[in-house]
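First up is the structure itself, then whatever we jot down about it.
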Amino acid sequence: MSIKPILFENGELLLLDQRVLPVEETWLRYTDYRKVAEAIRNMVVRGAPAIGVTAAFGAALGAREIAAPNFDAFFTEFEQVCALLAATRPTAVNLFWALERMKVCAQSHRALPLAELKERLLAEALEIAEDDELINRAMGGHGAALIPDGGRVLTHCNAGALATAGYGTALGVIRAAVEAGKKVAVLADETRPWLQGARLTAWELQRDNIPVTLICDNMAGYLMSQGEIDCVIVGADRIAANGDTANKIGTYTVAVLAKEHGLPFYVAAPTSTIDLSLTSGKLIPIEERDRREVTHSGERQLAPDGVAVRNPAFDVTPARLITAIITEHGVARGDFLTQLRQLCNQGG
Ligand code: MRU
């Protein structure tokens with residue numbers, strides 16, 4: 001059983017604090033949606049599907065606080081709750097997708113007494129969380145065939161159980177290949193500056209007894225040149241209609257390296273990560289985070305005072321560098337523009 005980092009118990013949201021893993025396993029409890037928004041911004045929880053699920057629970061907690069005389073007054077305040085949660089992180093589209101689903105749920109149950117509507121919204125958030133794990137397992141089912149038996153697979157960042165409600169996207173495909181009886185060895189890029197690869201991917205794979213070797217981000221090219229990597233698989237934060245894919249900073253570099261070495265480069269993501277409204281990856285908003293994430297490691301200063309710093313949290317890999325995109329409805333290859341639309345439509 002892979003870890004589930006987001007739970008809802010006895011009226012409280014529980015988040016496994018991803019800032020302190022792997023040294024500490026601390027669960028934080030939330031009843032206030034404003035604090036949930038802070039948790040998303042501060043990376044207590046991170047990963048595109050996980051922040052969508054968390055925001056949905058945040059919206060349900062926010063709805064609980066609203067004391068309004070009728071649906072219209074309720075909905076005005078509910079939209080404000082959702083806006084606050086939406087303003088946390090700009091790149092992963094799952095956040096906006098989940099909040100939109102919560103608003104649609106409220107609208108389509110507008111006739112219910114408000115106390116029942118609030119219960120319905122919580123049920124919707126629970127359903128988003130349950131669906132997410134099922135979707136990841138379906139994605140694993142479609143993607144496992146792409147992972148060769150005995151394969152050495154490079155991944156970047158953490159697109160595992162910790163980045164979702166459970167099982168993971170890219171790591172879900174690897175888990176499914178292992179469950180199908182294949183021998184798979186994972187190479188995990190450490191993923192500066194947040195070290196999701198070192199802290200999270202290495203932790204969750206070790207926990208599930210899947211062989212994992214940690215490397216620094218600048219080692220991937222060398223290992224590819226030595227024939228020590230067979231394919232690459234990553235997750236995604238937002239995929240444009242043409243297949244251009246935003247994912248953790250450094251993903252683009254890995255994709256260029258994979259092309260140079262003739263290695264397949266796979267993206268695994270649910271259709272809720274596909275943003276058909278954007279024609280190209282150039283339109284994906286890229287989050288720029290605090291300079292301190294680059295100049296410091298925890299409390300330790302790594303760079304001189306006042307040095308200029310850039311800290312884009314994501315980059316965009318052009319579709320031409322992507323071999324296939326694995327979703328819960330099937331695998332897109334080649335003509336992403338047509339195939340991604342078809343896969344999204346299969347969701348109903
Ligand atoms: O900044 P983060 O940790 O939220 O970034 C996460 C990533 O880039 C993941 O690779 C992506 O969300 C896919 S997670 C299934």
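Counting convention: from 1, in listed order, for ligands and their atoms alike. Only this structure's heavy atoms are used, side chains among them; waters, hydrogens and symmetry mates stay out.
- Residue pairs satisfying the side chain to side chain donor-acceptor pair (under 3.5 Å) criterion with at least one member in residues 47-60, sequence neighbours excluded, are absent.
- Residues passing the side chain to side chain donor-acceptor pair (under 3.5 Å) test with T251 are N247, sequence neighbours excluded.
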Output, or 'none' if empty, a list of ligand 1-protein atom pairs in which both atoms are N or O and the distance is under 3.5 Å, rounded to 0.1 Å.
unit_1   : atom_1 : unit_2 : atom_2 : d
ligand 1 : 1 (O)  : R89    : NH1    : 3.4
ligand 1 : 1 (O)  : R89    : NH2    : 2.8
ligand 1 : 1 (O)  : K248   : NZ     : 2.7
ligand 1 : 3 (O)  : R46    : NE     : 2.8
ligand 1 : 3 (O)  : R46    : NH2    : 3.3
ligand 1 : 3 (O)  : Q196   : NE2    : 2.8
ligand 1 : 4 (O)  : G47    : N      : 2.9
ligand 1 : 4 (O)  : R89    : NH1    : 2.8
ligand 1 : 8 (O)  : D237   : OD1    : 2.7
ligand 1 : 8 (O)  : N247   : OD1    : 3.2
ligand 1 : 8 (O)  : K248   : N      : 3.2
ligand 1 : 10 (O) : N247   : OD1    : 2.7
ligand 1 : 12 (O) : A48    : N      : 2.9
ligand 1 : 12 (O) : D237   : OD1    : 3.4
ligand 1 : 12 (O) : D237   : OD2    : 2.8

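- Atoms CD and NZ, on Q107 and K103 in that order, are 10.0 Å from each other to the nearest 0.5 Å.
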(request) Could you walk me through whether R120 and E116 pass the salt bridge (Lys or Arg N to Asp or Glu O under 4.0 Å) test, one step at a time? (result) CA-CA 6 Å; R120 183 66 200 84; E116 280 177 45; over 6 Å; no
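- Taking the centre and axis of the six-membered ring of F265, the NZ or CZ atom of K259 falls outside the cone set by 45° and 6.0 Å.
- Grouped by direct or indirect side-chain proximity (heavy atoms under 4.5 Å, Ile/Leu/Val/Met/Phe/Trp/Tyr only), V307 sits with V294, V309.
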